Amino acid sequence: SVFTRFVKLPPLDDDNIEQLVTFEAQQHVPFPLSEVVWDYEILESAGEKEVVIVAMKADALDELNESVTDTGLSTAEVDVAPMALYNAFRAAYKGVDEPVLLIDIGAKTTDLLYIEGKRFFTRSVNRGGVSITSAIAKEYGVPFAEAEGHKTHGGLVALGGGHTGQLDETTAALATTIRNALGQLPAEIARTTNYYRSQQGGNAPKRILLAGGGANLPYTKEFFEEKLHLPVEFFNPVAAVSVGKGVDTDKLGRDAHLMGELIGLGLRATGKSVVNIDLVPTKVQAARAAEKQKPFFIGAAALFLGGLAAWAGLGTMAASKAAEAAAGK
């Protein structure tokens, strides 16, 4: 749903940035700017200015906002998952300068974040947990919900080197189906890495971090180590925050890789984020505008009431003088 572009800017004074970024957005966003909600952030880069432009169709964003407001809640801020993950990474992995690839496997998409110090690049791949479930449903001729049950309750990723020979026949067949479905991701990662190096001037990652619910299947970590030939570990954004006394730290440790976006958004809400992209739904924008006008209306009302008080005071004084004059007669 979200369109993201990284654009290098020519050397210009800061006074011209807004105008230049708007021009670049018109060139890169595949819809008229009047139909989208968009924002940008200037990224720190050695020797040149780079900007990330993020846009989303306004009607799609408003539809999401209605889903929130229908529950009785209200929307305070809207972030983009890769930006929230980046903020969580920067807070939890301070001092890590080597090139890192963060792979966040979600339901429908997988977000790839290439991070090098204070610069990053992201791309979303249209493969995720749903792709694996669909492959199981097709292979076994079962409904999607049943295939999802097979995946979550008995699924694992088959590895090379005769790994499935140690499993029973049913489990081995399911593991092989999952491996084949997941096998398209390494190819997409290799393609994206080549693009990042050739077009963005980045370096190949030296380390992999796994995040998202799609990484929960047993042997997912080992699968990516086998395919990408790099050390792989699970993302731990919890290092960026303090943990309450009543929290089950063992469970938190097991689920930490699921909490990247949540922690990144929390950091932004407390003013501790590095990248601040804000996509504002139409109604939220109107509410913010109304909130900004409140001081004006309050001030105007105060002046009006003050005027009434002054007018009333003058009326009282006039009446008093008239009474004194009448008494003098």
Side-chain angles (χ1 to χ4, degrees), residues 81-82 85 89 93 96 98-115 121-140 142 144 147-197 204-237 253-261:
L85 285 168
F89 174 87
Y93 291 78
V96 175
E98 64 178 340
V100 173
L101 171 57
L102 198 164
I103 305 173
D104 181 48
I105 308 175
K108 293 185 178 180
T109 60
T110 294
D111 289 327
L112 307 176
L113 274 80
Y114 294 80
I115 304 170
F121 172 80
T122 181
R123 177 188 173 224
S124 290
V125 178
N126 192 28
R127 304 290 299 178
V130 168
S131 303
I132 297 173
T133 305
S134 298
I136 295 171
K138 182 179 179 180
E139 179 70 20
Y140 290 90
V142 297
F144 184 90
E148 180 71 13
H150 288 309
K151 181 184 76 173
T152 56
H153 292 103
L156 54 87
V157 185
L159 302 178
H163 175 243
T164 55
Q166 306 169 21
L167 306 172
D168 64 80
E169 185 176 345
T170 302
T171 304
L174 179 61
T176 301
T177 300
I178 292 174
R179 176 186 175 89
N180 292 338
L182 198 59
Q184 297 184 31
L185 261 181
E188 290 291 344
I189 291 170
R191 188 178 298 112
T192 305
T193 299
N194 289 336
Y195 176 85
Y196 174 62
R197 296 181 65 185
K206 304 293 185 185
R207 177 180 176 188
I208 305 290
L209 297 176
L210 274 182
N216 282 346
L217 284 170
Y219 300 108
T220 300
K221 171 181 172 294
E222 291 79 4
F223 170 80
F224 281 105
E225 286 177 335
E226 174 193 321
K227 288 292 186 179
L228 301 176
H229 307 291
L230 289 170
V232 179
E233 62 187 88
F234 284 98
F235 183 40
N236 181 21
R254 293 193 298 270
D255 294 341
H257 64 288
L258 306 175
M259 302 177 68
E261 292 94 340

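Just so it is clear, the model here is predicted, and its values are computed rather than measured. Residue numbers run from 1 in the order of the sequence given.
Counting only heavy atoms from C-beta outward, the side chains of L217 and L182 never approach each other to under 4.5 Å. Two residues are said to be in side-chain contact when any heavy atoms from C-beta on lie closer than 4.5 Å; I103 and L228 meet this criterion. Contact check for F121 versus T192: side-chain heavy atoms found under the 4.5 Å cut-off. Between I189 and F224 the shortest side-chain heavy-atom distance falls below 4.5 Å. Residues V96 and R207 meet the side-chain proximity criterion, which asks for heavy atoms closer than 4.5 Å. For the pair E225/L230, no side-chain contact is recorded, criterion being any heavy-atom separation below 4.5 Å from C-beta on. For the pair E233 and L209, the minimum side-chain heavy-atom distance is below 4.5 Å. Annotation: side chain of P205 is not in contact with side chain of V100 (no heavy-atom distance under 4.5 Å).
A donor-acceptor pair under 3.5 Å is formed between the side chain of T110 and the backbone N or O of R127. With hydrogens and angles ignored, the 3.5 Å screen pairs a side-chain donor or acceptor of T122 with a backbone N or O of L112. Remark: side-chain polar atoms of K151 are paired, donor with acceptor, to backbone N or O of G129 under 3.5 angstrom. When atom types are taken as modelled, the side chain of T152 and the backbone of E148 share a donor-acceptor pair closer than 3.5 angstrom. Not a single donor-acceptor pair under 3.5 Å links the side chain of Y114 to the backbone N or O of P99. A donor-acceptor pair under 3.5 Å is absent between the side-chain atoms of T171 and the main chain of D168, judged by distance alone. Not a single donor-acceptor pair under 3.5 Å links the side chain of E226 to the backbone N or O of L159.
Ring geometry, H150 versus Y140: the interplanar angle falls from 30° to 60°, so the pair is classed tilted.
The CG atom of L185 lies 7.5 Å from the CD atom of E188; values are rounded to the nearest 0.5 Å. Note that the CG atom of L113 and the CZ atom of R123 stand 13.0 Å from one another [nearest 0.5 Å]. Rounded to the nearest 0.5 Å, atoms CG (L210) and CD1 (I105) are 5.5 Å apart. Between Y219 atom OH and I178 atom CD1 the span is 12.5 Å, to the nearest 0.5 Å.
The shortest heavy-atom contact between T177 and E139 is OG1-CG, 3.7 Å. Here the closest non-hydrogen pair linking T133 and A147 is O-CB, 3.5 Å. When all heavy atoms of F144 and S134 are compared, the pair lying nearest together is CE1-OG, 3.7 Å. L102 and A211 get closest at one heavy-atom pair: CD2-CB, 3.9 Å. Closest approach of S131 and A181 over heavy atoms only: O-CB, 4.4 Å. Counting all heavy atoms, side chain and backbone alike, F235 lies closest to G260 at CE2-CA, 4.0 Å.
The number of heavy-atom neighbours closer than 6.0 Å to CZ of F234, taken from other residues, nucleotides and ligands shown, is above 12.
Across D104, N216, N236, a single residue satisfies side chain to side chain donor-acceptor pair (under 3.5 Å) together with H257, and that is N216.
Looking only at atom types and distance, the side chain of T109 has no donor-acceptor partner in the side chain of N126 under 3.5 Å away.
Aromatic ring centroids of Y93 and F89 lie under 6.0 Å apart.
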